[in-house]
Colleague: 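Here it is: the structure, laid out below.
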Amino acid sequence: MGMSETSGCCSEDSALIVLTSDDIEWVGITLELLSTVTEGRACKTAEVLDLRDLDFMGFSHRRGRFFAKRQGLVDSRVKSLGLIVHASSSHATKKPIAPFQNIAVEEAVNGAMFGVFRDDKVSTHSWLRKYLARRFYSAASIAYESSERIFSQRHFCRIYVPNGRFPAQVAVILSAEARSIPLEFWEKGVKAENLYLGQCQPTDFQKMLELSLEKRISSEDLGRASKYLDMRVNLESGDNVFSRKFKSRTLGSDGNYISFFTSSQDEFWSLGKRWPIPKFHDQLGAFEIVAKRHLGPREVPVLRMHPNTLNKSVRYAFNEFLRVHNLIRKNPSWIVIWPSMDKNSYELIQESKGVIVWNSTIGTEALHLGKPVRFLAQGVFSIASERTLLELPFNEDMNIFELSLDPKKLAIEAVARLFSLERPLREENKIRVSWSILDSIFAAQSIAALLINVGYAVERRLNLFLELLFRASVSLTRYSRHKSPT
């Protein structure tokens with residue numbers, strides 16, 4: 001990957017920084033981590049275990065038309081810091097990982113599959129799934145063998161591992177834990193230009209919740225959180241990619257709208273048991289239950305489908321559209337804002353009396369806009385979802401939007417608690433990039449990554465076509481119902 005293995009002595013006062021991805025989105029936080037670890041002096045020196053050649057599904061900043069000017073940023077930083085580099089084993093070991101480790105690696109492989117295929121169900125019979133599974137298991141085996149080789153020869157005071165979700169990362173963790181070497185995890189922050197660095201795995205919901213509650217938040221954290229939320233909900237130049245370019249399309253001045261926002265779920269599918277399992281079976285079913293039990297006769301439910309639905313697998317998108325179609329057949333009063341419609345979500349919130357979300361971050365943003373919000377599942381901003389969670393069994397006599405809290409204050413606290421666990425990137429480590437289809441072709445780490453990426457583009461167009469068909473079907477259903485004699 002551009003860095004060759006360097007010989008040199010090492011003591012237990014050295015830290016080991018594990019690199020597993022050359023992806024463009026990780027360049028900035030990788031540079032920040034290198035600076036933080038080498039300047040912090042938690043250990044006297046630092047070394048690098050370079051496993052980036054195992055990231056066959058990534059898109060490298062080292063390739064591509066646009067990224068040529070950024071070629072080797074991480075390599076250059078490592079070289080300038082004079083860090084010893086350990087390369088991965090050059091061949092896949094045929095020796096399987098020890099039996100007690102297989103479960104953890106298998107869960108990581110399955111989780112990676114959810115992310116790759118963008119579906120809540122991945123066929124075990126697909127040839128592509130079998131091929132990718134072999135590649136992920138091979139990457140884990142090489143990472144494990146590389147870690148075992150280094151740890152058997154040297155002792156480190158601390159290991160810095162990226163998030164710990166993917167097979168190669170899990171393999172390093174297992175090897176380090178077997179020797180009781182302290183681990184720290186690093187990950188992209190809630191805000192793109194933040195770095196999370198801590199002993200708690202960032203995907204462990206319960207531990208992160210406990211840690212954020214223990215952490216004392218500063219006025220600086222509160223200020224950064226307020227500014228972040230202000231940028232997110234700005235109607236003209238908001239920081240939310242799914243809303244900032246959307247036009248202003250008012251629903252009217254009725255004022256009795258209750259908005260329901262679906263969530264983009266693939267990032268949670270991959271987490272498995274590490275994320276709390278919702279008590280409701282699915283989003284739309286939960287929304288229908290809430291509407292029937294808690295909405296008044298004059299209140300109008302508005303369903304905002306997440307724009308990212310179009311980027312999911314065709315199977316998943318078809319099933320979501322079908323569920324919405326069936327929902328409208330049974331409940332014709334519902335207004336649907338389909339994924340491709342350019343209605344600004346924050347304007348919809350401002351037009352609504354109350355907001356219901358599954359676990360989307362827009363729930364916290366709606367709180368920031370002063371609206372009463374109910375979550376139906378645990379979200380990323382855990383304090384907000386925890387304190388506004390609506391669970392089974394329902395008390396049907398309660399007014400679900402009467403909350404004894406200040407919504408805006410809760411939103412700022414929820415974001416500030418996560419920000420207190422992160423650190424902003426220094427200006428020199430902020431890598432701003434644009435992205436095009438040509439870059440995705442040239443920057444693909446493997447033929448598999450290229451084919452998957454082309455498949456995403458094809459599936460999005462098929463999903464757009466499916467959406468049009470279901471929208472036409474819903475319109476026809478409404479028209480037929482309107483024309484039918486009473």
Side-chain angles (χ1 to χ4, degrees), residues 188-194 205 208-209 212 217 221-251 257-265 267-268 283 286-287 290 301-309 337 339 341-390 400-401 403 405-422:
K188 292 177 291 184
V190 173
K191 186 178 179 182
E193 295 179 341
N194 282 3
F205 174 86
M208 286 293 286
L209 173 60
S212 65
I217 52 177
D221 293 326
L222 291 168
R224 288 195 298 133
S226 181
K227 183 178 179 181
Y228 166 81
L229 287 166
D230 286 341
M231 290 177 61
R232 293 281 293 182
V233 303
N234 188 299
L235 290 179
E236 298 299 324
S237 57
D239 197 38
N240 187 340
V241 68
F242 292 119
S243 285
R244 65 170 176 249
K245 295 180 180 178
F246 288 176
K247 298 175 183 176
S248 175
R249 293 180 182 273
T250 182
L251 289 174
Y257 300 115
I258 304 296
S259 297
F260 294 76
F261 288 85
T262 66
S263 301
S264 181
Q265 290 295 291
E267 62 267 41
F268 298 105
Q283 300 184 71
F287 290 169
V290 172
V302 181
L303 176 67
R304 194 353 165 177
M305 295 189 71
H306 200 293
N308 203 32
T309 305
I337 301 174
M341 288 184 173
D342 55 1
K343 170 69 177 175
N344 190 294
S345 296
Y346 302 115
E347 184 182 57
L348 174 60
I349 291 170
Q350 291 174 344
E351 294 171 349
S352 303
K353 287 174 58 180
V355 175
I356 303 288
V357 300
W358 183 247
N359 61 359
S360 175
T361 55
I362 205 165
T364 303
E365 293 155 4
L367 287 167
H368 186 64
L369 289 170
K371 295 294 180 178
V373 176
R374 281 294 194 173
F375 282 80
L376 301 183
Q378 298 286 10
V380 172
F381 297 115
S382 51
I383 304 301
S385 59
E386 184 83 6
R387 294 180 185 172
T388 60
L389 196 64
L390 187 62
I400 60 173
F401 293 122
L403 303 175
L405 48 82
D406 181 335
K408 186 165 185 174
K409 185 177 179 180
L410 174 59
I412 293 174
E413 180 191 350
V415 175
R417 287 199 176 279
L418 281 190
F419 276 7
S420 70
L421 305 176
E422 301 173 358

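Everything numeric in this text was worked out from a predicted model, so none of it was measured.
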Colleague: How long is the straight-line distance from CD1 of I356 back to OG1 of T262, given to the nearest 0.5 Å?
Modeller: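 Nearest 0.5 Å value for the OG1-CD1 distance: 13.5 Å.
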Colleague: So how far is it from F205 CZ to E386 CD, rounded to the nearest 0.5 Å?
Modeller: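 Nearest 0.5 Å value for the CZ-CD distance: 5.5 Å.
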Colleague: At their closest point, which heavy atom of V355 faces which heavy atom of K371, and how far apart are they?
Modeller: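 That closest heavy-atom pairing would be CG2-CB, 4.4 Å.
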Colleague: For the backbone of G223 and the side chain of S226, can you confirm whether one donor and one acceptor N or O come within less than 3.5 Å of each other?
Modeller: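 Not at all, since once roles are kept as given, no pair shorter than 3.5 Å links the two residues.
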Colleague: Between F381 and V415, which heavy-atom pair has the shortest distance, and what is it?
Modeller: CE2-CG2, 3.7 Å
Colleague: What are the two closest non-hydrogen atoms of E351 and Y257, and how far apart are they?
Modeller: O-CD1, 3.7 Å
Colleague: Do the non-hydrogen side-chain atoms of S212 and L421 ever get within less than 4.5 Å of each other?
Modeller: yes
Colleague: Of all heavy-atom pairs between H306 and P339, which one has the smallest distance, and what is that distance?
Modeller: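 Looking at all heavy atoms of both residues, the closest pair is O-CB, 3.7 Å.
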Colleague: Check this for me, if you would: do R224 and D221 make a salt bridge, where the nitrogen-to-carboxylate-oxygen distance has to be below 4.0 angstrom?
Modeller: yes
Colleague: Tell me, do L410 and T364 make a side-chain contact under 4.5 Å, heavy atoms counted?
Modeller: no
Colleague: Check whether any side-chain heavy atom of S345 lies under 4.5 Å from a side-chain heavy atom of I362, and answer yes or no.
Modeller: yes
Colleague: Determine the minimum heavy-atom distance between S382 and S385, stating which atoms define it.
Modeller: O-OG, 3.2 Å
Colleague: Is the side chain of E422 donor-acceptor paired with the backbone N or O of V190 at a distance under 3.5 Å, no angle test?
Modeller: yes
Colleague: When rounded to the nearest 0.5 angstrom, what is the spacing between CZ in F419 and NZ in K227?
Modeller: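 Reported value, rounded in 0.5 Å steps: 11.0 Å.
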Colleague: Can you confirm whether I349 sits close enough to V233 that some side-chain heavy atom of one is under 4.5 Å from a side-chain heavy atom of the other?
Modeller: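 They are not in contact (no side-chain heavy atoms under 4.5 Å apart), so the answer is no.
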Colleague: How long is the span from the CG atom in L229 to the CG atom in L367, to the nearest 0.5 Å?
Modeller: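 Here the interatomic distance stands at 9.5 Å.
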Colleague: Is it the case that the side chains of S263 and N359 hold a donor-acceptor pair, with the cut-off being a distance below 3.5 Å and no angle test?
Modeller: yes
Colleague: So do the side chains of F401 and K353 get within less than 4.5 Å of each other, counting heavy atoms only?
Modeller: no
Colleague: So how far is it from S360 OG to R304 CZ, rounded to the nearest 0.5 Å?
Modeller: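 Going from OG on S360 over to CZ on R304, the span is 11.0 Å.
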Colleague: Would R232 and T361 count as a side-chain contact (heavy atoms from CB on, under 4.5 Å) here? Give the steps.
Modeller: CA-CA 10 Å; R232 293 281 293 182; T361 55; 3.9 Å; yes
Colleague: To check you understand the geometry: which heavy-atom pair defines the closest contact between A286 and W358, and what is its length?
Modeller: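 Nearest pair, atom of A286 first, then W358: CB-CZ3, 3.8 Å.
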Colleague: Rounded to the nearest 0.5 Å, what separation is found between the CZ atom of F260 and the CG atom of L303?
Modeller: 8.5 Å
Colleague: Begin from the C-alpha positions of E413 and R417 and carry the test salt bridge (charged side-chain N to carboxylate O under 4.0 Å, His left out) through to its verdict.
Modeller: CA-CA 6 Å; E413 180 191 350; R417 287 199 176 279; 2.9 Å; yes
